[in-house]
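Taking it in order: structure first as structure tokens, then the write-up.
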Amino acid sequence: MWKKILNDFKKPFFIVFLVIVFSAVVELIKASVLGLLTENLSTILEVKWIFIFIGFLILQLVLSFSKDLSFNRIKKEIQMYFLQQGVMNYLTEDEAAFTKQNMNEIINRLTSEVEVINSQYIQSLLTIAGCIVNFIFATIYIGRLNIWFLIFLYLCSILMILWNQSFKGKLAKKQEQIMSSKRSWISSIQQFYQNFPVIKEYRLEKMEKQELDRSAQEWADSEYRTNLMVDLLGSVNLEVGLIMFLGVYFICGLTARYTNVSIGILMAISQASNMITNPIINFATLKNKMNASEPIVRSFYQRKESKISEKTLVSTIDTIKIDLDELKDKNKVLLKNIHLEFKRGKKYMITGPSGCGKTTLLKTIKGVYSTNAVTINGLTHADYFTDASFIAQKGSLFPWTIEKNIALNQNLSSQKIDSALFQVNLEHLDPHHLIRQDNETLSGGEMQRIQLARVIYQKKSWLFLDEAFSALDSKTTKKIERFFLEDPKITLIHICHKPVKENLDLYDEIIHMEQGEVVDVQINA
């Protein structure tokens, strides 16, 4: 996965690489300077050494700032990329595929998982890149001075890496357990919020607390077990690092005793060895974090985007025809023997008992269920939404103002907004009122009428209503329904469980359904 990330962000990673290389050079300069200072302790108070010391501090400050800046910029770019990629993956799906997704999975993927990728995988990858560069530079530096130091450090490094790599599968599995338990926790919180009135009414506080505690405990335990394993591996890595550190000093002592190598060179080697010891310790620990979070990164890259069949754009609908013998979903028959034709300018009502397939029929026409049985102007898989509006019984509103919810992406006209609100008996509302997704003060009927005002404002020719008046009183329903029925420019397909008798004669056809099929079509003269 890290190769793909590097390939997708070549330019920012190249800048980071230059900063890392510069850091490694500065570290080697520091090692050489310390060696020189060790050999010139008697003259260390001379002005030249003071200037060298001050210059080095300034260089270190500039370097540290540049490193932090480059790291944070690339993390920001990668965070935006994964957030956008996650959203785009869902936006490319059709309605049928999207509605099968678990809401908790979507929330988790677009928040928690992106956070894990950035804070755990990317941060570790950037730091590891620095470790590798430091390791290479220190290898060249020390190898030129004394090969025995290098052999000792390499042996310890290889053992440490092999030891940590053996836990790769376990760490990945534990990270998946964390994300799974976190999704369960999010789901529990959502259910708690949605069912709060029922919890209070039926005195379910104790039962709900037990459920939330159980979910929280599973998440906390998963986090604990994973962090414990990572930390234990880190402790072993530090222990090996300490052996490497003490081993270097032991070899320094032997070298000073049996060779003519100067103390200054040994000090430089000792300092430079930190560029091997520390990177190896960090590399092993950070690689563990990458191994743990890699399944999440892979899921973003390997998640197959839903393929949407190419649709023919239809700007004006003349006819919608459905010739359906049978529609199944998971071996369950949803509709059968449906043979209907809807013509422009006509008014149609679809009635029948609950569960008879009325909404499923409308979803089939809308394209939620993929089938070749529906044709628009004789075309299958047509995109006709520029000429059609759909209102569901429980439609959602955006957390925008009322007027923006009505106008959507069209130019906003205050006069047209006021007219649409008047037509649905909402002239008392402030168009600038900001709708909240939680604890909204508007009633269900008012929110339903805002959606009806939207279709009036949009002025599309075909209107599909699915129990769109369910939260309204009969008087208001009669008025708004009649407004649509009396407009000759509107083609109306209205699913209604309890029709308004006074308006029935205004429909051209009344279609009655039972058990997933049409059993009667009443044609009004």
Side-chain angles (χ1 to χ4, degrees), residues 93-101 306-312 314 317-385 387-396 451 455 460-470 481 484 490-499 504 507-524:
E93 293 181 346
D94 57 30
E95 187 176 345
F98 183 81
T99 52
K100 292 179 181 179
Q101 299 286 337
S306 299
K307 300 297 182 181
I308 302 178
S309 57
E310 293 186 5
K311 295 185 177 181
T312 304
V314 174
I317 305 170
D318 294 319
T319 60
I320 296 178
K321 191 173 182 180
I322 176 168
D323 283 307
L324 180 68
D325 294 326
E326 190 175 69
L327 177 68
K328 285 186 175 182
D329 185 35
K330 296 180 180 178
N331 295 322
K332 179 182 178 182
V333 177
L334 304 179
L335 297 173
K336 56 185 178 181
N337 300 323
I338 305 292
H339 303 283
L340 298 170
E341 183 176 7
F342 305 100
K343 297 180 180 180
R344 186 176 185 82
K346 301 292 186 179
K347 320 297 181 188
Y348 302 88
M349 174 177 282
I350 303 174
T351 66
S354 297
C356 71
K358 301 186 300 295
T359 298
T360 303
L361 175 59
L362 199 63
K363 287 183 177 180
T364 304
I365 295 172
K366 190 178 180 182
V368 174
Y369 296 101
S370 180
T371 175
N372 293 324
V374 178
T375 58
I376 314 297
N377 297 352
L379 301 171
T380 57
H381 302 290
D383 179 354
Y384 61 95
F385 293 115
D387 198 29
S389 291
F390 291 80
I391 296 185
Q393 181 178 2
K394 295 182 179 179
S396 299
Q451 296 176 69
V455 300
K460 295 182 181 180
S461 301
W462 286 63
L463 179 57
F464 298 81
L465 304 179
D466 184 4
E467 300 288 359
F469 306 114
S470 60
E481 184 183 17
F484 294 132
I490 291 178
T491 305
L492 180 64
I493 300 176
H494 181 197
I495 287 178
C496 184
H497 186 62
K498 296 180 179 179
L504 284 176
Y507 283 93
D508 294 289
E509 293 185 16
I510 299 176
I511 302 164
H512 188 75
M513 294 185 64
E514 290 183 5
Q515 298 181 350
E517 61 181 324
V518 174
V519 295
D520 182 56
V521 177
Q522 176 186 334
I523 300 176
N524 292 330

* Partner set under salt bridge (Lys or Arg N to Asp or Glu O under 4.0 Å) for K366, not counting sequence neighbours -> E95
Considering all heavy atoms of both residues, which atom of [X] and which atom of [Y] are nearest to each other, and what is their separation?
{"X": "E517", "Y": "K336", "value": "CB-O, 3.1 Å"}
{"X": "D318", "Y": "W462", "value": "O-CZ2, 3.7 Å"}
{"X": "P353", "Y": "M513", "value": "CD-O, 3.4 Å"}
{"X": "E514", "Y": "C356", "value": "CA-CB, 3.9 Å"}
{"X": "I322", "Y": "L361", "value": "CD1-CD1, 3.7 Å"}
{"X": "K358", "Y": "G352", "value": "NZ-O, 3.0 Å"}

* Between Y507 and E481, do the side chains contain an N or O donor and an N or O acceptor separated by less than 3.5 Å? ->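 Per modelled atom types, Y507 and E481 side chains form a pair under 3.5 Å.
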* Between the side chains of Q522 and D520, does any donor sit under 3.5 Å from an acceptor? -> no
* Can you find a pair of side-chain heavy atoms, one from I511 and one from L340, that are under 4.5 Å apart? ->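 Yes, close enough: below the 4.5 Å cut-off.
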* Asked: Below 4.5 Å, heavy atoms only, C-beta onward: do K332 and L334 meet side chain to side chain?
  ->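 Of all side-chain heavy-atom pairs linking L334 with K332, at least one is under 4.5 Å.
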* To do: Begin from the C-alpha positions of L463 and F484 and carry the test side-chain contact (heavy atoms from CB on, under 4.5 Å) through to its verdict.
  => CA-CA 9 Å; L463 179 57; F484 294 132; 3.7 Å; yes
Can you tell me how far [atom2] of [Y] sits from [atom1] of [X], rounded to the nearest 0.5 angstrom?
{"X": "Y348", "Y": "I510", "atom1": "OH", "atom2": "CD1", "value": "13.0 Å"}
{"X": "E467", "Y": "S354", "atom1": "CD", "atom2": "OG", "value": "7.5 Å"}
{"X": "I320", "Y": "I493", "atom1": "CD1", "atom2": "CD1", "value": "5.0 Å"}
{"X": "M349", "Y": "L492", "atom1": "CE", "atom2": "CG", "value": "8.0 Å"}
{"X": "I350", "Y": "I495", "atom1": "CD1", "atom2": "CD1", "value": "5.0 Å"}
{"X": "I338", "Y": "D325", "atom1": "CD1", "atom2": "CG", "value": "10.5 Å"}

* So, does N377 use its side chain to make a donor-acceptor pair with the main chain of T319 at under 3.5 Å? ->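 Yes, N377 side chain to T319 backbone: donor-acceptor pair under 3.5 Å.
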* Examine distances only and state if a side-chain atom of K346 and a backbone atom of T491 form a donor-acceptor pair shorter than 3.5 Å. => no
* When you look at L335 and E326, which way does the side-chain contact (heavy atoms from CB on, under 4.5 Å) test go after all the steps? -> CA-CA 6 Å; L335 297 173; E326 190 175 69; over 6 Å; no
* Asked: For D387, what residues pass the side-chain hydrogen bond (donor to acceptor under 3.5 Å, both in side chains) criterion, not counting sequence neighbours?
  ->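 Expected list: R344, S461.
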* Asked: Is the count of non-hydrogen atoms from other residues, nucleotides or ligands lying under 6.0 Å from K460 atom NZ greater than 12?
  -> yes
* To do: Please test D508 against N524 for side-chain contact (heavy atoms from CB on, under 4.5 Å), starting from the C-alpha separation and ending with a verdict.
  => CA-CA 5 Å; D508 294 289; N524 292 330; over 6 Å; no
* To do: Could you please spell out the steps behind the side-chain hydrogen bond (donor to acceptor under 3.5 Å, both in side chains) verdict for N372 and T380?
  => CA-CA 6 Å; N372 293 324; T380 57; 4.6 Å; no
* Quick one: ring-ring contact (aromatic ring centres under 6.0 Å, His included) partners of Y384, sequence neighbours excluded? -> none
* Let me see the working for V374 and T364 under side-chain contact (heavy atoms from CB on, under 4.5 Å), right down to the final yes or no. => CA-CA 8 Å; V374 178; T364 304; 4.0 Å; yes
* Compute the centroid of each ring, for H494 and then for F464, and state whether the two points are separated by less than 6.0 Å. =>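 So the answer is no for these two rings.
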